[in-house]
Amino acid sequence: MVVSGEDVLSDSKIKLKIQTLRKTYGDVVALDNVSMEMRDGEFLTLLGPSGSGKSTLLWAVAGLNDPDGGEVWIDGKEATHTPPPERDIGMVFQNYALFPHMTVAENISFPLEMRKVPAAARAAAVNEALGMVKLPGVSSRYPKQLSGGQQQRIALARALVYNPSIVLMDEPLGALDKKLRDHLQLEIKHIHEKLGTTVLYVTHDQEEAMVMSDRICLMNAGRIEQIGSPEELYFHPTNVFVADFLGESNMIEGRVLTTSSGTATIEIPNVGKVTTPCNKSYPAGAEIIHMTRPESIDLLTPDERRSNEATGLAKEVIMSGTVTKVFVDIGDGRIIQVTQLTQATKGHFVGEKVRLGWNETSGVILTKCSTEK
Amino acid sequence: MSGMSSGTVGVPVGFLRTLIKPLHWQIFPALAFLLLLFVVPVASLLGLSFLNKSGGITTEHYARLVDQPVYASILWITVRTAFWTTLLCILGGYPIAYLLSKTTKSAKNLLVIFVLMPFWTSFLVRTFAWIVLLGKKGAINQLLQALHIIDAPVRMIYDFVGVLIGMTHALMPLAVLIMLSVMEGIDRNLSNAAATMGAKGGKCFWKIYFPLSMPGVAAAAILVFITSVGVFITPALLGGARDTMIVQLIIFQIREVLNWHFAGAIGVLLLVVLLLVFVIYNQIFGLSALPGGEIKKNVENRQSHLILFVRKIGGLVTTLLAEITDAIGSFFYLVRMFQRNRTSNHKPRFILWTVTLLLIGFLALPTFFIIPVSFTAESFLTWPPRGFSYQWYDTAFKSSLWPDAAIRSLLVAVSSAFLGMLFAVPCAFALARQNFVGKSALFTLLVSPMIVPHIFIAVGLFFLYSKVGLTGTTAGLILGHTVLVIPYIVITVLAVVKGYDQNLDLAASTLGANTVKVFWRVTLPVIRAGMIAAFMFAFIISFDELTIALFVTGGTVTTLPKLMYEDAILSVNPTLAAVSTLLLIFMSAVILVSEFVRRRGP
């Protein structure tokens with residue numbers, strides 16, 4: 001089920017190929033030799049903090065900035081310096097970039113006019129596109145007369161109406177409130193599923209990325225940290241940045257004791273010996289980071305057992321609706337966070353002595369220094 | 001706020017408060033001032049046109065306007081001159097504004113100075129410069145003769161071409177600034193979006209950028225047109241007898257013939273023409289497109305037949321232009337060049353830069369020709385100047401006339417700028433921060449001295465002053481200039497106050513500052529640069545003002561521009577060049593200092 005990059009991609013299905021792309025603005029390196037590929041029909045999200053280079057990469061694919069080095073291939077053709085009008089792309093901008101002096105219909109029909117589609121066919125296509133985004137009947141209005149959510153849908157319709165080869169979306173939901181955003185996330189996802197369009201999407205919202213994407217490309221400081229399915233990134237981060245950026249995590253320093261056949265035994269202060277899956281071979285005594293997700297740790301009843309266990313005092317208990325977070329002090333100020341579904345009968349108290357445990361497969365070993373080249 | 005108590009009248013103070021509070025007392029001084037010194041004089045001047053010598057009501061002046069074809073022909077010359085000036089200012093100003101809106105910030109800041117320099121250089125100095133350049137023995141004729149392109153000097157001034165050159169040069173910076181303000185508001189992503197959808201350079205520009213810049217073009221056009229209609233310096237100094245414009249006629253009627261009533265009638269005629277232009281403009285674009293326009297209408301909802309027709313024609317024209325541009329573009333690979341450069345600011349856009357720099361040269365360079373001429377050893381203006389001497393500077397300083405006029409101009413400019421600030425700043429605050437009945441009417445009144453041709457104000461004030469004995473006094477001059485500078489201060493301060501985050505005031509008050517302390521410790525320091533800019537603006541307007549001085553002053557009470565103008569009417573001599581050079585240096589210093597202060601501000 002987990003689609004993991006290279007092995008699935010065959011050459012005929014590659015829609016977009018980025019090779020060692022580099023872009024600098026003055027002294028700032030916005031893209032640092034980035035390489036990646038995208039399948040036909042894929043929904044791929046560029047995720048990362050602001051300034052990570054995700055928008056720069058998207059704009060390079062659109063042809064809106066001139067890369068300093070590397071190549072962009074679209075549909076098997078080299079397009080690094082091809083002007084935007086000749087790329088057959090569609091783009092949804094963060095502020096929608098709807099033309100204020102044109103009606104909704106004129107906006108949507110603009111790309112068709114550029115392609116010299118006959119007027120009758122244009123009108124039909126505009127109506128169909130408006131139906132698709134569930135906004136029939138606004139065609140004679142001006143963008144200013146629509147709400148933010150409606151404008152976003154029009155921008156979407158305008159980018160899709162001419163069936164471009166790739167649709168690029170630059171934080172298209174960034175300006176909307178949470179509820180509308182959640183709704184439109186699903187709507188865009190459904191339109192993508194229906195049309196089978198290839199979508200390259202940019203966001204800084206990890207939840208949005210997880211909800212919508214086939215694959216996520218997590219970027220940081222102009223480089224790709226990890227690329228893979230949401231599950232892969234969440235449960236099998238390859239470095240501390242990924243583990244830390246996505247969701248919540250417990251990261252504790254430890255030392256490797258032994259590694260054998262995909263399993264490592266490590267020593268964590270105040271916890272003791274812990275076993276964890278491990279593909280790399282570490283020398284004995286190597287300093288590593290052990291990562292677990294708070295929701296894969298359980299607070300144990302006296303008769304429950306897990307392969308890895310620790311004890312400590314509940315330092316803080318936070319009930320936030322669906323889940324309850326318990327911060328357990330395992331000594332020397334080391335905190336392990338446990339997140340469990342809130343249950344009325346199973347309250348925990350600050351100062352209570354608790355025992356916690358997790359399965360061997362829930363742990364991940366990360367190399368200590370993540371920012372190595 | 002509601003501190004106006006007037007218990008002496010015997011009316012309950014509480015009642016007065018409820019009456020006065022929503023009216024915002026801080027606008028009253030300016031309101032009263034403008035009513036007395038702007039509305040009343042202008043209205044009474046226009047009213048005069050319906051009176052005969054003995055005070056009875058008559059239409060004889062209008063009958064004369066209609067009967068004698070010379071007046072219709074002068075009106076026609078005026079409108080024609082204004083039309084061509086407007087067209088040239090828009091055509092020349094558009095590429096400059098376009099480039100300024102697209103280039104890097106540092107390049108823009110530098111180029112804006114060059115565009116602004118001629119704008120702030122005295123109108124008279126610029127006009128003299130054109131005489132030096134275009135005259136029979138002027139620089140251009142000499143150059144062309146030296147290159148054997150022409151055998152005898154070509155007549156370039158004292159005719160329509162000279163007037164057009166002078167007026168275009170004078171008013172193009174205004175057009176640039178207004179168009180620039182609109183162009184800077186155009187979202188760059190719109191062109192990008194059009195490009196991603198398949199629009200090439202020509203279509204991006206003509207179908208997206210150009211229509212969006214139209215409000216700026218329209219606003220620039222109307223302001224340039226109105227200003228041109230009221231100009232008299234340029235036709236008087238650079239035009240021939242056949243280029244007489246309507247304001248010259250008014251001046252002639254008042255100063256030479258002393259026929260006030262007929263002058264008033266000509267004024268009414270001019271106003272009717274202006275109103276007509278406004279009505280047409282409003283039909284097509286809406287007045288809200290004017291800079292500082294307070295009334296935000298939903299323009300898109302007004303779909304009159306005229307608008308639909310104009311839009312349709314506009315759409316066809318832009319489509320045609322887009323096709324032509326793209327055809328030329330793909331032929332010369334221009335499109336590729338433009339598109340590359342639209343996204344990266346590092347590579348020059350050769351054609352645009354060349355055209356723009358030539359235009360900016362046209363704006364900035366002529367003035368400097370005045371400098372070498374001022375050091376000539378001969379007693380008349382020639383190019384190239386022969387010999388070298390300081391004699392004309394000596395002449396200027398030795399007679400008490402020039403230094404006296406300069407000191408008076410300085411005094412008047414500082415006083416009227418100061419007075420103007422006192423009246424206008426409270427109004428600007430009220431306009432920016434409060435909502436009250438008649439807000440847009442107040443705004444219109446405050447900026448109208450800028451729109452109404454100055455000649456009306458000047459003659460109206462002359463008429464008023466002659467009754468109260470203010471004619472020929474410095475005080476009268478200061479009051480008149482205050483009327484003129486109020487609009488500029490209001491617009492500048494309004495922009496600054498609107499850009500001010502009022503949460504800062506709220507934050508300061510939650511931290512324990514009272515109203516007065518909030519203003520002095522927080523508000524004022526933040527908007528200080530804008531206030532200084534407004535003051536400088538007013539100072540320069542007053543210092544360069546001629547029309548009011550021409551009517552209100554007399555005898556030895558004169559200002560620098562008036563002295564220069566009257567000297568120039570007789571003959572343009574090297575003393576004028578020397579005075580102009582000094583003025584140029586002084587004004588440049590003032591502008592550079594105010595630019596520096598403005599940019600240093602927060």
Side-chain angles (χ1 to χ4, degrees), chain A residues 23-26 58-68 81-104 106-117 140-145 155 158-162 164-170, chain B residues 104 182 185-204 206-215 285 289 296-303 307-308 311-312 314-315 318-319 322-323 326 329-330 333-347:
Chain A
K23 174 76 187 167
T24 53
Y25 292 105
L58 189 84
W59 281 49
V61 174
L64 295 172
N65 55 20
D66 251 350
D68 302 329
H81 299 289
T82 308
E86 290 157 34
R87 291 195 181 207
D88 194 27
I89 45 165
M91 184 150 170
V92 180
F93 289 80
Q94 189 168 10
N95 62 357
Y96 320 134
L98 294 174
F99 305 132
H101 61 302
M102 295 184 186
T103 61
V104 166
E106 285 166 341
N107 262 286
I108 299 177
S109 132
F110 185 83
L112 301 172
E113 271 174 63
M114 293 303 117
R115 284 165 176 72
K116 309 219 183 295
V117 175
S140 61
R141 295 215 213 146
Y142 283 90
K144 245 187 282 173
Q145 298 166 316
R158 190 178 68 171
L160 293 169
V161 71
Y162 53 107
S165 179
I166 303 181
V167 175
L168 311 171
M169 302 196 190
D170 191 2
Chain B
T104 57
V182 170
I186 297 175
D187 184 355
R188 281 176 181 224
N189 266 350
L190 296 177
S191 296
N192 287 334
T196 63
M197 283 181 276
K200 294 185 176 175
K203 290 210 179 62
C204 277
W206 289 109
K207 301 302 285 184
I208 307 297
Y209 194 90
F210 183 73
L212 290 172
S213 67
M214 269 315 278
F285 301 107
K296 282 242 160 67
K297 282 184 204 157
N298 202 344
V299 181
E300 273 76 33
N301 280 340
R302 307 175 321 119
Q303 303 271 10
I307 292 177
L308 287 176
R311 279 182 67 118
K312 193 155 190 169
T318 51
T319 308
E323 293 294 345
D326 281 338
S330 34
Y333 291 95
L334 262 179
V335 168
R336 212 185 173 84
M337 198 176 88
F338 269 77
Q339 275 164 349
R340 287 274 183 86
N341 291 314
R342 192 198 57 251
T343 55
S344 79
N345 290 319
H346 306 295
K347 294 163 200 161

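In what follows, chains carry the letters A, B, and so on, assigned in the order in which the sequence lines appear, proteins first and then strands, with residues in each chain numbered from 1.
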Open item on the list: How close do B:Leu190 and A:Leu98 get, counting heavy atoms only, and between which atoms?
Closed with: CD2-O, 3.4 Å
- [ ] Measure A:Phe99 against the heavy atoms of chain B and call it side chain, backbone, both or neither at under 4.5 Å.
- [x] both
TODO: State, to 0.1 Å, how close B:Lys207 and A:Met102 come at their nearest heavy-atom pair, and which atoms those are.
DONE: O-CE, 3.7 Å
Task: Verdict with supporting geometry, B:Asn192 and A:Trp59, side-chain contact (heavy atoms from CB on, under 4.5 Å) - done: CA-CA 10 Å; B:Asn192 287 334; A:Trp59 281 49; 3.4 Å; yes
Task: Nearest atoms (heavy-atom pairs only) where A:His101 meets B:Leu212 - done: ND1-CD2, 3.4 Å
Open item on the list: For the CD atom of A:Glu86 and the NZ atom of B:Lys200, what is their distance to the nearest 0.5 Å?
Closed with: 5.5 Å
Open item on the list: Counting only non-hydrogen atoms closer than 4.5 Å, does A:Asp88 touch chain B with its backbone (N, CA, C, O), its side chain (CB onward), both, or neither?
Closed with: neither
Task: Approximate separation, where rounding is to 0.5 Å, of B:Lys203 NZ and A:Phe110 CZ - done: 8.5 Å
Task: Nearest heavy-atom neighbours spanning A:Arg158 and B:Ala193 - done: NH2-CB, 3.7 Å
TODO: Kindly compute the distance separating CG (A:Asn107) from CE (B:Met197), expressed to the nearest 0.5 Å.
DONE: 7.0 Å
Task: Part of A:Arg115 within contact of chain B (heavy atom distance under 4.5 Å) - done: side chain
Task: Nearest atoms (heavy-atom pairs only) where B:Ala199 meets A:Pro85 - done: O-CG, 3.1 Å
TODO: Could you look at B:Asp187 and say if it's the side chain, the backbone, both or neither that has a heavy atom under 4.5 Å from chain A?
DONE: side chain
TODO: Identify which part of B:Ala322 has an atom lying under 4.5 Å from any heavy atom of chain A, answering side chain, backbone, both or neither.
DONE: neither
